[in-house]
Structure formats: structure tokens, C-alpha cells
Amino acid sequence: MTMTITGYSNTTNQALKAWVEEVTRMCQPARVHWCDGSRAEHDRLCEEMVSHGAFTRLNPQLRPGCFLARSHASDVARVEDRTFICSKRPEDAGATNNWADPDEMRARLKGLFQGSMRGRTLYVIPFSMGPLGSPVAKIGIEITDSPYVVVNMGIMTRMGKPVLDALDSGSFIPCLHSVGAPLEPGQPDDYWPCEPDKDKKYIVHFPEEPSIWSYGSGYGGNALLGKKCLALRIASVLARREGWMAEHMLILALTSPKGKKYYIAAAFPSACGKTNLAMMQPTLPGWTVRCLGDDIAWIRIGADGHLYAVNPEYGFFGVAPGTSDKSNPHAMATITRNSIFTNVALTPEGDVWWEDIGKPPPPQMIDWEGNEWTPGCGRPAAHPNARFTAPAAQCPVIDPDWEKPEGVPISAFLFGGRRPSTIPLVNEAFSWEHGVFLGSAAGSETTSAALGKAGVLRRDPFAMLPFCGYQMGDYFAHWISMAQRTDRSKLPRIFFVNWFRKNKDGKWLWPGYGENSRVLKWICERIDGSGRATATPIGNLPAPDALDLSGMSMNPEDLRQLLAVDVPGWKNEVEDIDRNYAKLNHHLPPALKQQLDDLRRRLESA
Ligand code: O2Y
Ligand code: MN
């Protein structure tokens with residue numbers, strides 16, 4: 001039987017053709033479509049999904065070009081315990097990753113993928129992470145049987161004909177995805193096909209090839225393989241090999257009232273408000289923030305020795321609950337059109353709603369599972385990990401340089417997390433090595449984005465715990481090594497921030513959101529050499545009155561707590577960091593052991 005092939009497949013890339021043919025033989029789809037990335041293709045796929053119930057078109061008067069998808073209840077978030085790094089040696093994946101033998105895993109996956117696309121369309125998605133033609137961009141080809149993945153990849157990456165043309169005969173990273181739900185003749189399709197058995201979902205990385213195989217899930221980071229799989233797990237391996245950095249960081253530009261522009265990259269664990277900070281509306285008069293990216297930064301040393309960051313993505317896959325005109329007005333403006341909403345609630349007028357959207361729910365809605373929902377019924381209307389997918393170009397505060405092929409020069413790296421106690425509002429590292437130490441000790445109270453228990457402190461070094469594609473100790477050493485690769489004076493300054501400190505009654509000590517601009521202002525002043533600081537055992541903290549608190553009312557006791565050194569708390573912190581370091585064995589860089597010993601000694605004499 002001849003296979004129907006549609007779309008734009010005009011390539012002479014023999015490796016690509018051979019791989020598509022091999023996958024087609026293995027997965028046995030009913031037809032093959034090479035995505036061209038056009039608006040017409042996007043519209044047609046959305047329409048097809050509406051016609052079989054996978055998508056609901058939102059009210060075009062309220063949200064033009066927008067759709068709602070509801071996922072299967074078993075498929076609502078990234079699955080870290082089903083995510084594998086299959087390096088040849090277990091040691092190269094390290095204790096923080098799930099390792100599996102590459103040959104055994106490949107054999108298992110081939111069994112699962114055999115016939116997995118029966119009755120479905122196999123889509124070939126050429127995509128670029130990074131601006132097309134940029135020296136830092138990497139081309140991937142995702143093969144998937146999910147039209148939901150195609151339209152989301154069309155928003156999240158540069159995708160289609162221009163990428164295939166740019167690939168020419170060059171190399172690409174193969175990314176194979178199947179929802180794992182073949183259709184028998186006459187079998188009606190599900191609204192969200194997937195493999196419902198969690199233990200049969202596989203998100204697998206072969207870093208040495210490199211390649212990615214994902215089976216059984218259609219959701220987010222499990223299925224949109226350009227994002228966490230390629231741009232972080234695989235890219236982190238390539239970055240170490242090639243002398244650059246792939247980081248879980250937002251990129252923002254902050255401009256002072258005098259017109260000086262500072263680029264800042266910040267790494268916070270999932271669900272710590274990276275998107276909110278990236279698009280922040282400063283409350284300090286005269287300061288502006290522009291967004292260059294909300295999740296991933298690829299960073300290289302430029303010809304002038306400074307570190308330059310590029311956002312490899314093209315859109316935002318933001319968490320919806322909690323997003324409001326108060327928390328993130330610019331995200332709210334970004335998602336007014338051409339956006340896909342997954343697992344949010346549907347209002348009777350055909351608009352979306354979620355918890356903490358900033359307006360009361362209507363008396364009746366359809367919840368994320370498709371059931372009738374009324375206020376007070378005891379269930380959330382939107383899933384806590386409900387998402388919007390929206391083009392970055394629609395963000396009203398997108399920076400004009402966000403697509404600059406060489407990126408933007410970074411003046412400061414920020415690390416942070418949700419830390420209700422111990423960790424001060426802001427703390428400047430004494431040196432690059434001290435900053436790497438602070439990054440290595442980052443952690444956060446867990447929330448729902450990663451499946452697991454909420455409210456537990458999880459160490460998440462550099463916010464990369466779920467995303468580092470190799471041995472964490474070697475990753476720390478790579479960070480340390482950046483100081484040998486360029487002039488130290490050109491390296492960004494490093495700060496640790498904590499917007500989430502609480503008092504003994506469990507109340508937030510810091511208002512957060514736009515008020516965080518006050519902390520960013522101090523950071524800029526430190527970069528310029530004008531900001532006043534007090535050296536403490538844990539780092540440089542803002543000197544009394546150094547934070548600009550003009551125009552806000554701040555209880556002096558709250559401020560004292562926010563900027564105090566909690567010596568007993570830090571002593572516990574040191575022991576906990578030590579326990580985590582112990583897992584890295586001989587891979588822990590001596591420079592970090594030294595930093596830990598120095599901190600312990602400073603706290604003893606405090
Ligand atoms: O659950 C998912 O699949 C999405 S997780 C996610 C999405 C966008 C940005 N960051 C994250 C994350 O977990 O860090
Ligand atoms: Mn993230």
C-alpha cells in the first residue's frame with residue numbers, strides 16, 4: 001500500500017529522509033504530513049481538532065484564534081520519575097537522574113513504538129531552537145502523532161518550511177514522540193489520546209547520540225520536545241562539550257530612569273514565578289522591564305569576553321492559575337489572542353477562567369475535566385498545572401532585541417526559590433565561586449508542576465534538578481570553569497533572591513510582583529558600584545536604607561527579618577547542603593567543598 005504524504009517535504013537531507021522512512025516503517029501511521037508551519041496549516045489542524053472534540057473554539061469576540069484543550073486526568077504534568085537519561089555509563093547521568101542502559105531502553109522503546117501510530121497521521125516537525133540562522137541555534141526534527149503537539153510546537157518554536165530549508169544537508173536532533181494510542185479501523189478517537197498507565201510513559205534522552213524518544217504522554221514538557229528535553233537536557237550536555245551554558249533561566253532587560261539598560265538572567269525552580277518576573281511592571285517610577293524569555297537561556301562567551309544570552313524559544317507555556325492583572329498584566333495581554341489553553345475552565349460565554357484570575361467565577365462553568373462546576377463545589381475549576389501557550393511576539397513588553405542572533409550581554413545572574421524561612425530577600429555573592437555555591441544550594445518548596453508532595457523543601461541546584469542531562473557534580477564544575485574561560489571582571493555578578501519569606505504567623509514578609517523592582521534596583525546599583533552593602537557570613541546584604549522603599553509602607557520589623565542573617569537557620573542549611581553534596585561523591589568540585597567549609601567557619605564565628 002502506498003503511503004499518503006502531504007505538506008512540505010522538499011529536502012535533500014538523506015539522513016532525515018532515511019530516519020522518517022525508518023520511523024514510518026516502525027510506527028505504521030495511516031499517513032504522513034510534513035509541517036510547513038503556515039497559518040493555514042495551523043488553522044486547519046485546529047479546525048480538525050474542534051471537529052473531533054479535542055479542541056473547543058473559544059468565543060472569537062473575546063479570544064480570537066484561541067482554543068481550549070482538556071487532557072486526560074492521567075496526563076497533566078511533566079513526569080520526572082518516567083524521565084530517563086540513557087548515557088552509556090550510569091555515572092555520566094549521575095545520582096540526580098534516572099539512568100537506564102541505552103541498548104536495553106532502545107529495545108524497550110522500539111517494542112512500544114512498533115505500530116504505535118496505526119490509524120493516525122505521522123507529523124514531521126522541523127523546528128529551530130534559537131533564531132533561525134543564529135550561530136547558536138540548533139535544529140530538531142520532532143516526529144509526532146499528535147496534532148496538539150504540532151500546533152503547540154508552532155507557537156513555542158520557529159517551525160516548518162524555513163527551518164527545513166535552513167537545515168539543508170546539515171545535522172539535526174531527532175525527537176520521536178507518540179501518544180501511544182494506536183487506532184484500530186473504525187475506532188473513534190479519544191479527545192486526549194495517551195497511554196493512561198503512568199508506568200508505560202517514557203521520556204528518554206540519549207545524550208551521546210543525541211536523540212529524544214517520548215512515549216505515552218501528550219502533555220507539555222513530556223511532548224513538546226524542543227523545550228525541556230532538547231533546550232535543557234540535551235543542550236546542557238552539548239553546552240558542556242562545546243563550552244557554553246544551557247540554563248533554566250528567564251532573561252529580562254531593566255532600564256533605569258537615566259536610560260541605562262541592564263540584562264539579567266534568573267534561575268528559579270518551576271512554579272516560583274519566573275514568567276511574572278520576566279514581564280514585571282516595576283512600581284518604582286521611571287524603571288521599565290522588558291522581557292526576552294521566561295524559561296530558558298542559552299549563554300555563550302562573546303568576542304568581548306562578556307556572557308551573552310539567547311532565549312531559544314518562540315512562545316510561552318505559562319501556568320494559568322494565579323495569572324491575573326495583578327500578578328502579571330502583560331501575560332494577560334499576551335494571551336488575548338492566538339493562544340491555546342489546556343486544562344482551564346470554560347465560561348458560558350466561551351471564555352476561560354482559572355483560580356486567582358482576579359475575577360469571581362460565573363455561577364456555572366465547565367471544569368478542566370469537562371464536568372459542570374459551580375462555585376463552592378469543593379473542586380478546583382482549572383487544574384493547578386493548567387497552561388497557556390502563547391506567541392512571545394504578542395507580549396506587550398517583549399524586548400526589541402529578543403531575537404538578536406548573538407543574544408544580549410548579561411550583567412547579573414539571579415538564583416532563587418520559595419523559601420519561607422532562613423534565606424534573606426537578597427544576598428550578593430562575594431565571588432564567582434561563592435555565587436556558584438549559592439546556585440548549587442538553591443531549593444524550593446514543591447508545588448504541583450512536578451508531580452509529588454507539595455510544601456516540602458526540595459534542593460534544586462540552579463533550578464536544573466529535573467533538567468540537567470548529565471552528572472550534577474560535573475555541571476557544577478562546568479559553572480566553576482566559566483571563570484577560567486573569560487576575564488573574571490566580565491562575568492555577571494551573582495545574587496540570591498527570595499520573594500517568599502514568611503513571618504511566624506505564615507504571612508508573606510515581602511509584597512513581591514512589581515515591588516521586586518526595588519531589589520532589582522539595588523542589584524543594578526551593586527553592578528555600578530554605587531549600591532551600599534554589608535558583608536555578612538552569608539554574603540553581601542543591602543546596608544540599612546540601601547533598598548529604595550520610597551512610596552511603599554514597610555513594617556520595620558518585617559524588613560529587619562527579611563535582611564537578617566538567621567545563624568541557626570544557616571547552620572542547618574549548611575548541614576543539609578553537605579548531605580546533598582555527599583550524593584555527588586568525587587564529582588563535587590573542590591572549590592564548592594571549600595565554599596561550604598568557609599561558610600561553616602564564618603557562621604561559627606558569627
Ligand atoms: O508540566 C509541564 O509539562 C510543564 S512544566 C513547565 C512549563 C513551562 C515552563 N517551565 C516548566 C517547568 O516545569 O519548569
Ligand atoms: Mn521551567
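Excluded from the calculations below are hydrogen atoms, water molecules and symmetry mates; all remaining heavy atoms, backbone and side chain alike, are included. If you read the sequence from its start, that first residue is 1, and numbering goes on from there. As the structure lists them, so they are numbered: ligands from 1, and atoms in each ligand from 1.
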task: Could you tell me if any non-hydrogen atom of Phe316 lies under 4.0 Å from any atom of ligand 1?
output: no
- prompt: Has ligand 1 got any nitrogen or oxygen that is less than 3.5 angstrom from a nitrogen or oxygen of Tyr219?
  reply: no
query: How are the rings of Trp373 and Trp353 set relative to one another: parallel (under 30°), tilted (30 to 60°) or perpendicular (over 60°)?
result: tilted
Identified side-chain hydrogen bond (donor to acceptor under 3.5 Å, both in side chains) counterpart of Asn328 within the set Thr323, Thr275, Asn276: Asn276
query: Which ligand 1 atoms, with their elements, are less than 4.0 angstrom from a heavy-atom of Ala77?
result: 1 (O)
message: I'd like to know if the side chain of His177 and the backbone of Trp213 have a donor-acceptor N/O pair within less than 3.5 Å.
response: no
query: Ser270 heavy atoms, cut-off 4.0 Å: which ligand 1 atoms fall inside?
result: 12 (C), 13 (O), 14 (O)
field: Distance filter under 4.0 Å to Gly221 heavy atoms, resulting ligand 1 atoms
entry: 2 (C), 3 (O)
Lys274 N/O under 3.5 Å from ligand 1 N/O: no
- line: Counting from 1 in the order shown, the ligand 1 atoms closer than 4.0 Å to a non-hydrogen atom of His248 are 14 (O)
- line: Note: Asn385, heavy atoms under 4.0 Å from ligand 1, region reported as side chain
message: Taking distance alone, with N or O pairs closer than 3.5 Å, would you say Lys227 contacts ligand 1?
response: no
query: Given atoms NE2 of His248 and OD1 of Asp295, what angle do they subtend at the Mn ion (ligand 2), to the nearest 10 degrees?
result: 90°
message: Tell me whether the rings of Tyr219 and Trp192 are parallel (<30°), tilted (30 to 60°) or perpendicular (>60°).
response: tilted
- prompt: Is it the case that more than 12 heavy atoms not belonging to Tyr513 sit under 6.0 Å from its OH atom?
  reply: no
message: What's the separation between atom OH in Tyr123 and atom CE in Met117, rounded to the nearest 0.5 Å?
response: 11.0 Å
query: Would one find an N, O or S atom of Ile296, in either backbone or side chain, under 2.8 Å from the Mn ion (ligand 2)?
result: no
- prompt: Should Lys227 and Glu142 count as an ion pair when the cut-off is N to O under 4.0 Å?
  reply: no
Close-contact set for ligand 1 against Asp295 heavy atoms, below 4.0 Å: 9 (C), 10 (N)
field: Which of the ligand 1 atoms, numbered from 1, are nearer than 4.0 Å to a heavy atom of Gly220
entry: 3 (O)
task: Please work out whether the ring planes of Phe415 and Phe462 are parallel, tilted or perpendicular, with thresholds of 30° and 60°.
output: perpendicular
Arg387 to ligand 1, any heavy atom closer than 4.0 Å: yes
task: Calculate, to the nearest 0.5 Å, the distance between atoms SG and CZ belonging to Cys86 and Phe206 respectively.
output: 4.5 Å
